[in-house]
> 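Okay, handing you the structure first.
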Amino acid sequence: MRNQSRRDFVKNTARAGGALGVLGALGPLACAAPDADAPPAPIRILILGGTTFIGPHQIKYALDRGHEVSIFTRGRTEPPFFHDYFERVEQLTGDRDNDLSALEGREWDAVIDNSASIPRWVSMTTELLRDRVDRYLFVSSISAYADFATVGIDETYPVGQLSAPDVESMGEYGPMKARCEAINTEVFGENAINVRPGLIIGPGDNTDRWTYWPVRVARGGEVLAPNSPSDPVQNIDARDLSEWIVRLVETPGSGGTYNATSEVQQFGAMLEEIRAAVGSDATFTWVSTEFMAEHEVRPWGHMTNWFPPEGEMIGISQVSVAAAIEAGLTFRPIGDTARDTVEWWLSLPEERRAQPGAGLPAEKEAEVLAAWAARG
């Protein structure tokens, strides 16, 4: 079989020079960083999912770099942008749960699995494709970790465990992601890549979890900000993540597991960069964690992209991204992300913008700010 022969060739070549043995022993830090500027040899990429958020960015970047792209979806979701690019991809229709027939008898150089959180799905696709693709990249999450009680969590930190082998409940989302990673590694070995993003942000975000901040700052006026400007924050632009993922699968040698957050930034610095980028007159009033709790201002839900940096959650916004940087992950300025996010947000229908999925409603913000100003 063509792909199996190529893998044998790579392994035999590595055995002669000892290269892959060294890389396998040292893990992802030993892998050479993919060159973002070097023109890659065209490959065939299968994307499982691809029509929401990071998928369109992956497709655009992969096609711009000369690759052939197939996507496997249920055929129900219209991509939010880059429609002309979707006209250039092979669109395969099926269902991760019960119909993989469109993938049978096919070969690709690499798989990017965006759409799985259920281990059974990854087991089905990896088994079907194990002799038909060279590399399998699974998009996981830092939620795979057992907890965030430590600052500087790296890829060796313990992951969550399922309460039972066949669990398919989103209440065990993190442990399910961890098990998906394990299945990928069991099947593809050194050719398995597991990427653990933190909060993904930027144009196309359908959760509004970070979009709240540039949109709110652009509106101007007094902005309720969480706790302290020195609190840590991490997020990853969907384009930086997507482009790096494509580079990881372009050539052999990037196998391993990678956290894919940004480097740690202070929350105040993030808001200041957003304000400068969108040209706002906003001012920031930093309201204590205790006061927000008294007034039912929730971390993550109302104060998006923020948890109190203490206790069992102290490490959630202070995860180590050193291995991913070594492997070529780069970050654009947060102000660029903010400006592009606001532009995208304003392009959405008014009824969509009238019902954001996250953030602090204007009326509640005004109420809490007034109470904060009036405190004794």
Side-chain angles (χ1 to χ4, degrees), residues 1-11 40-63 65-79 82 85-140 165-168 176-177 179-195 242 245-246 248-252 254-255:
M1 191 174 296
R2 181 192 61 83
N3 279 323
Q4 186 64 44
S5 297
R6 178 164 58 244
R7 278 199 299 280
D8 289 343
F9 172 76
V10 171
K11 289 179 181 177
I43 64 170
R44 294 179 297 174
I45 302 173
L46 169 64
I47 298 178
L48 304 176
T51 52
T52 58
F53 204 12
I54 63 174
H57 295 299
Q58 292 168 350
I59 288 166
K60 179 181 185 300
Y61 190 70
L63 290 176
R65 285 169 79 79
H67 303 310
E68 297 178 23
V69 176
S70 304
I71 63 172
F72 178 79
T73 70
R74 291 177 298 176
R76 300 177 185 175
T77 303
E78 180 74 11
F82 304 144
Y85 280 86
F86 278 84
E87 295 174 359
R88 296 163 51 192
V89 306
E90 179 186 28
Q91 303 196 28
L92 305 173
T93 304
D95 195 309
R96 296 294 298 269
D97 197 55
N98 55 25
D99 181 11
L100 301 180
S101 57
L103 305 180
E104 293 175 357
R106 299 292 305 275
E107 296 181 346
W108 290 271
D109 297 290
V111 175
I112 298 173
D113 187 347
N114 288 331
S115 62
S117 56
I118 295 176
R120 177 172 55 86
W121 292 3
V122 177
S123 181
M124 292 164 60
T125 52
T126 53
E127 286 297 329
L128 177 63
L129 298 170
R130 67 186 307 162
D131 294 327
R132 300 183 181 278
V133 300
D134 291 339
R135 298 174 289 284
Y136 194 110
L137 186 149
F138 174 66
V139 180
S140 184
D166 58 351
V167 168
E168 295 188 1
M176 286 198 302
K177 281 288 194 180
R179 181 58 190 144
C180 290
E181 295 178 11
I183 293 168
N184 183 25
T185 301
E186 289 164 7
V187 175
F188 279 91
E190 63 194 13
N191 295 313
I193 309 169
N194 296 305
V195 172
S242 298
I245 282 173
V246 171
L248 281 178
V249 302
E250 284 177 343
T251 56
S254 296

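We count residues from 1, following the sequence as given.
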> Of the non-hydrogen atoms in Phe86 and Gln91, which two are nearest, and what is the gap between them?
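Shortest heavy-atom contact: O-NE2, 3.0 Å.
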> If you define the side chain from C-beta out and look only at heavy atoms, does anything of Asp134 sit under 4.5 Å from Ile43?
no
> Write down the atom of Ser115, the atom of Gly49, and the distance for their closest heavy-atom approach.
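Heavy atoms of Ser115 and Gly49 come nearest at OG-N, 3.9 Å.
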> Do the non-hydrogen side-chain atoms of Trp108 and Leu103 ever get within less than 4.5 Å of each other?
yes
> Do Ile54 and Val139 make a side-chain contact, defined as non-hydrogen atoms from C-beta onward lying under 4.5 Å apart?
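Yes, side chains in contact.
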> Once rounded to the nearest 0.5 Å, what's the spacing between atom CD of Glu190 and atom OG of Ser254?
12.0 Å
> Around Arg88, counting heavy atoms of other residues, nucleotides and ligands shown, do more than 12 lie under 6.0 Å from its CZ?
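Yes - once you tally the heavy atoms of other residues, nucleotides and ligands closer than 6.0 Å, there are more than 12.
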> Side chains of Val122 and Asp113, heavy atoms from C-beta outward: is any pair under 4.5 Å?
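A side-chain contact exists here, since the closest heavy-atom pair is under 4.5 Å.
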> For Ala116, does its backbone N or O pair with a side-chain atom of Lys177 as donor and acceptor, under 3.5 Å?
yes
> Measure across Ser123 and Ile183 and return the closest heavy-atom pair with its distance rounded to 0.1 Å.
CA-CG2, 3.7 Å
> Kindly say whether Tyr136 contributes a backbone atom to a donor-acceptor pair with the side chain of Asn184 at under 3.5 angstrom?
yes
> Can you tell me how far the CG atom of Asn114 sits from the CD atom of Gln58, to the nearest 0.5 Å?
4.0 Å
> In Å and rounded to the nearest 0.5 Å, what is the CE to CD distance from Met176 to Glu168?
7.5 Å
> Compare all side-chain heavy atoms of Arg106 with those of Arg44 and state whether any distance is below 4.5 angstrom.
no
> Enter the distance from Asp109:CG to Glu107:CD here, rounded to the nearest 0.5 Å.
9.0 Å
> Considering non-hydrogen atoms only, spot the tightest contact between Ile193 and Leu248 and give its length.
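Of all heavy-atom pairs spanning Ile193 and Leu248, the closest is CD1-O, 3.9 Å.
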> Check the pair Arg179, Glu186 against salt bridge (charged side-chain N to carboxylate O under 4.0 Å, His left out), reporting the backbone distance first and the verdict last.
CA-CA 10 Å; Arg179 181 58 190 144; Glu186 289 164 7; 2.9 Å; yes
> So, does Asp99 use its side chain to make a donor-acceptor pair with the main chain of Ser101 at under 3.5 Å?
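A pair under 3.5 Å: yes.
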> Looking at Ser140 and Glu181, what are the two nearest heavy atoms and their distance?
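The answer is OG-OE2, 2.6 Å.
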> Got a second to check how far Leu137's CG is from Ile47's CD1, nearest 0.5 Å?
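The distance works out to 10.5 Å.
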> I need the minimum non-hydrogen distance between Pro56 and Phe82, along with the two atoms involved.
O-CD1, 3.4 Å
> Would you confirm whether the ring centroid of His67 sits within less than 6.0 angstrom of the ring centroid of Tyr61?
no
> If I take atom CD1 from residue Ile45 and atom CD1 from residue Ile71, how far apart are they, to the nearest 0.5 angstrom?
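The CD1 atom of Ile71 is 13.0 Å from CD1 of Ile45, to the nearest 0.5 Å.
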> Can you check whether Trp121 reaches Asp97 side chain to side chain, under 4.5 Å on heavy atoms?
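Contact flag for Trp121/Asp97 side chains = yes.
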> Kindly indicate whether the side chain of Phe188, heavy atoms from C-beta on, has any atom under 4.5 Å from the side chain of Arg135.
no
